[in-house]
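If you're wondering where the values come from, they're calculated on a predicted model, not measured in any experiment. One-based numbering along the sequence shown. Basis for what follows: all heavy atoms, side chains included, without hydrogens, waters or symmetry-related copies.
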Amino acid sequence: MGKTAGGIEDLRELFKDAPLEEKSLAALQINSYLRIWKRNAVISREKNGHTVLEIVPIKASEFVEQQLYLAAGLLELGVEKGDTVAIYSPNSARYAIELFALFAIGAVFVPVYPTTTEEEVDLLLRHSESRFVFAGDVMQFQKAFAILNKVKSPLKKLIVNYHVDTGNPNVLSYDELIRLGRRSGKIHDAARMLRSINEDDRAALIYTPGTTGIPKGALLTHGNFLAQRKLLDLFRVTDKDVRLAHLPFSHVFGLSADLLSSTATGSLLCIMKSFETEEVLEYIREVRPTIICSVPRMYEKICVTVIQGLQQYGRTRRALAALALKVGRKHYIAETTGRGAPFLIGVVKKLLYPQLRRIRSSLGMSRIRILVSGGGPLPLEIAYFFGGIDLPITEGYGLTETAPIINVNRLDLNKPGTVGPPLEGVIEKISDEGEILVKGSTVFKGYYKNDDENEIAFTPDGFFRTGDIGIFDEDGYLRITGRIKDLLITSSGKNVAPLYIEKKFENEPFISFICVVGDRRKYLTALIVPEFARLRAYARDRNLKFQGDEDLVAHPEVFAFYKERIGAINETLARYEQIKKFTLLPREFSVNGGELSPTFKFRRHHVHEKYRDLIDTMYPSSDSIPDEL
């Protein structure tokens with residue numbers, strides 16, 4: 001490391017007073033990285049902002065160097081403490097460094113999902129008042145550049161993770177910003193500002209869908225995130241751990257559980273861009289992590305991969321593996337339900353243990369200490385499968401507004417089907433309506449520029465309304481039983497506002513009603529009531545033969561017609577908001593049928609219950625995990 005513009009031979013000179021008082025995320029990270037200064041902090045398949053085939057390490061010293069020069073460059077550009085700065089990018093090492101550069105100078109991080117549409121990005125930038133945005137890959141750059149070039153653009157500067165030549169003075173690359181920081185001489189200012197950040201200072205403005213589809217920005221402080229440190233003590237996370245980060249940093253679960261946790265402890269962070277099962281498994285086998293945090297959908301896919309892999313075995317080996325899985329499952333269920341495994345089951349499991357070990361090794365999970373699931377409900381069968389191969393999944397619960405985790409199972413008492421007891425310092429109670437209410441240092445300060453939402457988000461005595469329904473068992477473990485709000489949470493952890501999607505179809509002349517479905521499911525589907533008068537006229541014009549409306553909605557040409565129209569609207573939605581399958585209903589929604597209230601309001605939950613069997617047909621059994629091999 002050469003001498004900088006500030007005359008520094010070694011950046012550790014800036015922190016001679018270390019350890020710093022850990023009242024901010026950056027101070028905690030600096031203390032951690034000073035301890036592992038010459039060791040690798042991050043590895044990824046990324047070089048100079050581009051994806052590469054080989055794994056590229058970044059030492060803690062290199063991370064801090066880039067972080068502080070980026071921070072100095074941002075100060076030179078005019079970014080001040082409290083300013084909002086967006087990062088619109090898939091996961092990358094540069095994403096992580098940019099984030100901590102923002103934290104160092106007290107800027108407020110605004111994450112934007114990498115698949116967010118240009119229209120939605122523009123809305124978030126304007127609402128958050130973000131004048132600066134970091135763009136990750138080509139797709140994000142193109143959309144952000146289009147926003148920058150608008151006549152009344154909300155943006156002042158666009159910083160791109162790779163070299164790009166646009167001829168626009170308001171676009172600069174990651175490396176150019178670092179060089180600007182070197183020349184500025186403001187690295188001392190950045191180090192001083194880092195020390196001035198407190199627990200009550202804002203750290204992030206994270207948008208979550210509102211029930212009307214208009215995003216709500218949750219303001220989270222450094223103190224909210226620092227309160228999550230109790231988890232690190234609970235699970236005894238150290239700098240000897242290796243973490244796999246495949247959840248997006250733009251999601252509060254991936255941000256906190258992976259990125260912030262690794263920087264707080266100095267554990268090696270292996271950053272992935274992809275969420276594809278095969279790529280995740282390939283990475284697991286290569287880096288052999290000790291901790292993985294994921295969503296139920298990924299665990300489901302891994303389970304299916306194992307079961308499919310068994311079919312490649314010879315008859316004897318397949319039978320032994322199947323028996324081992326069955327016995328392991330029974331043993332785990334007995335242990336976690338408090339009954340204790342029968343002696344014979346324990347003996348058989350020991351005899352079959354080499355089979356279970358072989359399955360773990362085939363997944364690259366021989367070093368796993370902790371598997372955590374969040375962002376959506378974990379199916380019991382998946383919990384039993386992983387517990388059966390001695391890789392118990394610890395399920396937790398939280399929300400964007402709680403930074404996020406407020407409940408989690410314990411390693412010494414893991415109860416599948418529950419999300420565990422509250423974290424230390426978190427107070428929870430159940431309202432008369434059954435809603436889970438929460439108070440504590442993890443709970444956010446409120447929604448940005450949204451007084452109406454803030455008024456209904458908290459009870460008069462200061463508890464946050466989660467919108468979820470739950471009960472506590474005899475051990476104080478929370479069981480989620482339903483949702484008060486209409487928001488859907490897919491099994492991959494995506495929050496989706498169905499009303500926002502349904503409103504896209506308001507001007508569709510051939511649709512009378514549409515009900516978007518997908519809570520706790522892998523993808524979105526829809527129940528559609530056609531505008532029958534118009535559809536009948538359409539069919540007659542094309543000489544389609546039908547006896548009645550039931551015949552009409554079953555006609556292949558009618559199905560193809562709706563598929564095309566739905567596909568056109570899907571193009572305007574983010575990928576996770578798109579409707580993958582739909583069913584045309586043969587009759588109108590009505591008050592008598594129960595789909596509409598006496599005041600003709602749409603009764604979503606009743607529709608879900610009434611048409612449950614029909615909905616299930618849009619999620620075929622081949623997509624689910626079989627109970628038996």
Side-chain angles (χ1 to χ4, degrees), residues 24-26 28-29 32 41-42 44 63 67 84-104 107-116 124 128 130 133-134 136 140 201-209 215-232 237 243-265 267 269-273 275 291-295 298 372-376 396-406 408 423 442-444 448 489 492-495:
S24 75
L25 293 167
L28 181 62
Q29 169 248 338
S32 174
V42 171
S44 66
F63 188 106
Q67 170 193 359
T84 48
V85 179
I87 301 181
Y88 180 31
S89 171
N91 285 5
S92 70
R94 290 191 167 187
Y95 191 135
I97 297 168
E98 289 158 0
L99 175 62
F100 278 90
L102 298 180
F103 287 159
V108 181
F109 162 56
V110 181
V112 183
Y113 277 110
T115 57
T116 304
L124 295 187
S128 65
S130 298
V133 62
F134 287 90
Q140 293 85 41
D201 287 324
R202 296 182 297 170
L205 176 57
I206 303 181
Y207 282 86
T208 180
K216 299 181 297 184
L219 275 172
L220 294 161
T221 66
H222 285 264
N224 292 146
F225 286 114
L226 289 173
Q228 297 279 296
R229 281 188 294 177
K230 297 180 179 70
L231 289 163
L232 305 179
V237 181
R243 306 184 73 107
L244 182 74
H246 67 281
L247 298 175
F249 298 152
S250 48
H251 189 292
V252 71
F253 185 30
L255 170 68
S256 182
D258 288 330
L259 181 50
L260 301 187
S261 294
S262 68
T263 54
T265 57
S267 50
L269 184 66
C270 312
I271 298 176
M272 285 193 66
K273 284 186 179 181
F275 195 69
I291 301 174
I292 298 175
C293 297
S294 195
V295 293
M298 180 54 64
V372 178
S373 179
Y397 166 68
L399 304 96
T400 299
E401 294 88 343
T402 58
I405 299 175
I406 48 177
V408 69
L423 279 184
T442 67
V443 179
F444 78 139
Y448 185 56
I489 300 180
S492 60
K494 293 286 190 184
N495 289 344

Roughly how far, to the nearest 0.5 Å, is the [atom2] atom of [Y] from the [atom1] atom of [X]?
X: Ser373; Y: Ile292; atom1: OG; atom2: CD1; result: 12.0 Å
X: Leu99; Y: Leu260; atom1: CG; atom2: CG; result: 6.5 Å
X: Ser262; Y: Ile271; atom1: OG; atom2: CD1; result: 7.5 Å
X: Ile97; Y: Gln67; atom1: CD1; atom2: CD; result: 8.5 Å
X: Leu259; Y: Arg243; atom1: CG; atom2: CZ; result: 10.0 Å
X: Met272; Y: Asp258; atom1: CE; atom2: CG; result: 11.5 Å

**OP:** For side-chain contact (heavy atoms from CB on, under 4.5 Å), just list the numbers for Val108 and Val85, CA-CA rounded to whole Å, side-chain angles, deciding distance to a tenth of an Å, and then say yes or no.
**Re:** CA-CA 6 Å; Val108 181; Val85 179; over 6 Å; no
Do [X] and [Y] touch side chain to side chain, with heavy atoms closer than 4.5 Å?
X: Lys494; Y: Val295; result: no
X: Thr221; Y: Phe444; result: no
X: Ser128; Y: Leu205; result: yes
X: Ile406; Y: Leu399; result: yes
X: Phe63; Y: Gln29; result: yes
X: Ile405; Y: Gln228; result: yes
X: Asn224; Y: Thr442; result: no
X: Phe109; Y: Phe103; result: yes

Answer yes or no: is there a donor N or O on one side and an acceptor on the other, between the side chain of [X] and the main chain of [Y], under 3.5 Å?
X: Ser32; Y: Thr263; result: yes
X: Arg202; Y: Thr84; result: no
X: Thr402; Y: Gly398; result: no
X: Ser256; Y: Phe253; result: no

Specify the closest pair of heavy atoms between [X] and [Y], including all atoms of both residues, with the distance to one decimal.
X: Tyr95; Y: Ser92; value: N-OG, 2.9 Å
X: Ser261; Y: Ser267; value: O-OG, 4.4 Å
X: Ser250; Y: Pro111; value: CA-CB, 3.6 Å
X: Ser89; Y: Gly136; value: OG-CA, 3.3 Å
X: Cys293; Y: His246; value: O-CE1, 3.5 Å
X: Lys273; Y: Asn91; value: CG-O, 3.0 Å

**OP:** Hey, could you give me each pair passing salt bridge (Lys or Arg N to Asp or Glu O under 4.0 Å) that has a residue in residues 89-102? Not counting sequence neighbours.
**Re:**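 Listed by first then second residue: Arg94-Asp175.
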Original post:
Step by step, would you call Tyr88 with Leu124 a side-chain contact (heavy atoms from CB on, under 4.5 Å)?
Top reply: CA-CA 11 Å; Tyr88 180 31; Leu124 295 187; over 6 Å; no
Subject >> For Leu226, side chain to side chain contact (heavy atoms under 4.5 Å, CB included) partners two or more places apart >> reply: Leu25, Leu28, Glu199, Arg229
Original post:
Can you list the residues that meet the side chain to side chain donor-acceptor pair (under 3.5 Å) rule with Tyr113, with sequence neighbours excluded?
Top reply: none
Subject >> Test side-chain contact (heavy atoms from CB on, under 4.5 Å) applied to Ile206 and Val112, Val252, Val110, the passing residue >> reply: Val252
